[in-house]
Amino acid sequence: MIKTLGYAAQSATSPLDSFRFDRREPGVDDVLIEILHCGVCHSDLHIVRNEWGGTTYPVVPGHEIVGRVVKVGAGVKGFKPGDLAGVGCMVDSCRSCPECLEGLEQYCRNEIIFTYNSPDRNAGGMTYGGYSGCVVVDEKFVLRIPANLDLPAVAPLLCAGITTYSPLRHWKVGKGDTVGVVGLGGLGHMAVKLSHAFGANTVMFTTSPGKAADAKRLGADEVVISKNADEMKKQANRFDFIINTVAAPHNLDAFLQLLKRDATMCMVGVPALPHPSPSVGNLIFRRRQLAGSLIGGIRETQEMLDFCGAHGIVSDIERIPIQKINEAYERMLRSDVKYRFVIDMASLAS
Ligand code: NAP
Ligand code: ZN
Ligand code: ZN
């Protein structure tokens, strides 16, 4: 067993604090990674505070992991000690259902194992995530990191990057499309960068007027303050695709009305329940579609990282020591993130 230091929440109402636990020794197909940086996703906060139900305590969050390989099992072919490596939201799946065989492990029918708060098949108990010193993962779920990118700023690609890349690709967003991005936080700022990189005319919808200049810098062609009803009215029936990253319950009709006939709004934000239903009429009268999308498969995550390497795309980050994590959660709740917190894991030891 590998003695590991991390940060955990012991209940839905307690702050995160240091926590010692054991990782398994790497098996034949495993990679042991020293974690250097871990992004802070709003899902971490939802799960720490049990906003979706189903949290098992203690919970060690973190699924935007980058680090360096320290040790590999005898069967590992793709990684060697010293290599950079990444781990996202999943560390295993059943590997045999139709979804897994198609490389869509995130939709595994049988047994998806998330990076934290999932039953741990290997060590027993629950999986513990990236707010910790190291992690042991089967190489099939370990990603290669492009060498030219700034490492801490790569971490958020492992969740925020792939969660926005996957639906933008699935709905074939590109040149000639007008795309709306709702919410300028961790996911939203990656969606703007990627939509812009794919050549779409990209419109940012934000509730925060103070973020307008940043949205343009990140790649938005236009910015709409979504609280302004007059501005919203002018956007009606205009969009080929909208990606909605909002982390709180809100009125979906305000955005569904902006879609063209046959166009789709894809939810990636997962607000806590209860959530108000949109009006069915808004869907029916223009054959509009409301969809959802969950992260992305391992193959597509690698494709996304390689795309970001080729185009020089990383996250805009604010680096924090782990001791500031509880404060960072409070700022995230106030929509005060520019645009992703990333924990320097070296701070664990200090
Ligand atoms: P985040 O950094 O906190 O960003 C969320 C943004 O939503 C905020 O910055 C804010 O943008 C907007 N917002 C917040 N409260 C709002 C409200 N009451 N009304 C309207 N807009 C509001 O969060 P994130 O890490 O990007 O995550 C966003 C959501 O995606 C979370 O629910 C998370 O759990 C979920 N998620 C889903 C997946 C998936 O696979 N589907 C993966 C990762 C995360 P403005 O200031 O611009 O309005
Ligand atoms: Zn996430
Ligand atoms: Zn499966």
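Both ligands and their constituent atoms are indexed starting at 1 by order of listing. In what follows, every heavy atom counts, from backbone to side chain, and hydrogens, waters and symmetry copies are set aside.
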Option set V40, I162, V246, criterion heavy-atom distance to atom 16 (C) of ligand 1, minimum: V246
Contacts of K216 that satisfy side-chain contact (heavy atoms from CB on, under 4.5 Å) - sequence neighbours left out: V223
Structural part of H42 in contact with ligand 1, heavy atom criterion under 4.0 angstrom: both
Enumerated ligand 1 atoms positioned under 4.0 Å from heavy atoms of S293: 39 (C), 40 (O), 41 (N)
Opening angle between SG in C94 and SG in C97, taken at the Zn ion (ligand 3), to 10 degrees: 110°
Separation of E105 CD from I113 CD1 (nearest 0.5 Å): 13.0 Å
Donor on one side chain, acceptor on other, D306 and Q302, under 3.5 Å: yes
Vertex the Zn ion (ligand 2), arms to C159 SG and C41 SG, rounded to 10°: 130°
Flag for R288-N237: side-chain donor and acceptor within less than 3.5 Å: yes
N/O/S from H63 sitting under 2.8 Å away from the Zn ion (ligand 2): yes
Backbone or side-chain N or O of G188 under 3.5 Å from ligand 1 N or O: no
Close-contact set for ligand 1 against G269 heavy atoms, below 4.0 Å: 29 (C), 30 (O), 32 (O), 35 (C)
Under-4.0 Å heavy-atom contact with ligand 1, by part of W52 that carries it: side chain
Result of checking K338, K324, R331 against E318 for salt bridge (charged side-chain N to carboxylate O under 4.0 Å, His left out): R331
Nearest protein heavy atom with distance in Å, relative to atom 47 (O) of ligand 1: T206 OG1, 2.5 Å
Nearest heavy-atom neighbours spanning W171 and C266: CZ3-SG, 3.8 Å
Nitrogen or oxygen of R340 less than 3.5 angstrom from that of ligand 1: yes
Close-contact set for ligand 1 against I295 heavy atoms, below 4.0 Å: 39 (C), 40 (O)
Flag for E303-Y165: side-chain donor and acceptor within less than 3.5 Å: yes
Protein heavy atom at shortest distance from atom 39 (C) of ligand 1: T163 CG2, 3.4 Å
Near-ring test Y57/F19, centroid separation under 6.0 angstrom: no
Side chains of Y128 and D120, donor plus acceptor under 3.5 Å: no
Region of M267 that comes within reach of ligand 1 [heavy atoms, distance under 4.0 Å]: neither
Contact check, side chains of P156 and Y339, non-hydrogen atoms, under 4.5 Å: no
From the candidates C159, G186, S208, the one that places a heavy atom nearest atom 46 (O) of ligand 1: S208
Aromatic ring pairing H311/F307, orientation class (parallel under 30°, perpendicular over 60°, tilted between): parallel
Nearest protein heavy atom with distance in Å, relative to atom 6 (C) of ligand 1: G185 N, 4.1 Å
Stepwise salt bridge (Lys or Arg N to Asp or Glu O under 4.0 Å) test for R340 and D316: CA-CA 6 Å; R340 196 59 137 186; D316 283 30; over 6 Å; no
Heavy atom of the protein closest to atom 37 (C) of ligand 1 (residue, atom name, distance): V268 O, 2.8 Å
Sole candidate of V48, I35, V40, L5 that passes side chain to side chain contact (heavy atoms under 4.5 Å, CB included) when paired with Y131: V40
Over 12 non-hydrogen atoms of neighbours within 6.0 angstrom of CZ in R217: yes
Minimum-distance protein heavy atom relative to atom 20 (C) of ligand 1: T207 CG2, 3.5 Å
Closest approach of any protein heavy atom to atom 31 (C) of ligand 1, naming residue and atom: H46 NE2, 3.4 Å
Option whose closest heavy atom lies nearest to atom 17 (C) of ligand 1, chosen from C41, S43, A248, S335: A248
Nearest-neighbour protein heavy atom for atom 11 (O) of ligand 1, which is reported as residue plus atom name and distance: L184 N, 3.2 Å
Distance filter under 4.0 Å to G183 heavy atoms, resulting ligand 1 atoms: 11 (O), 47 (O)
Q106 contact mode with ligand 1 (heavy-atom cut-off under 4.0 Å): neither
Residues, nucleotides or ligands: over 12 heavy atoms within 6.0 Å of H250 NE2: yes
Enumerated ligand 1 atoms positioned under 4.0 Å from heavy atoms of L294: 40 (O)
Heavy atom of the protein closest to atom 5 (C) of ligand 1 (residue, atom name, distance): T245 O, 4.0 Å
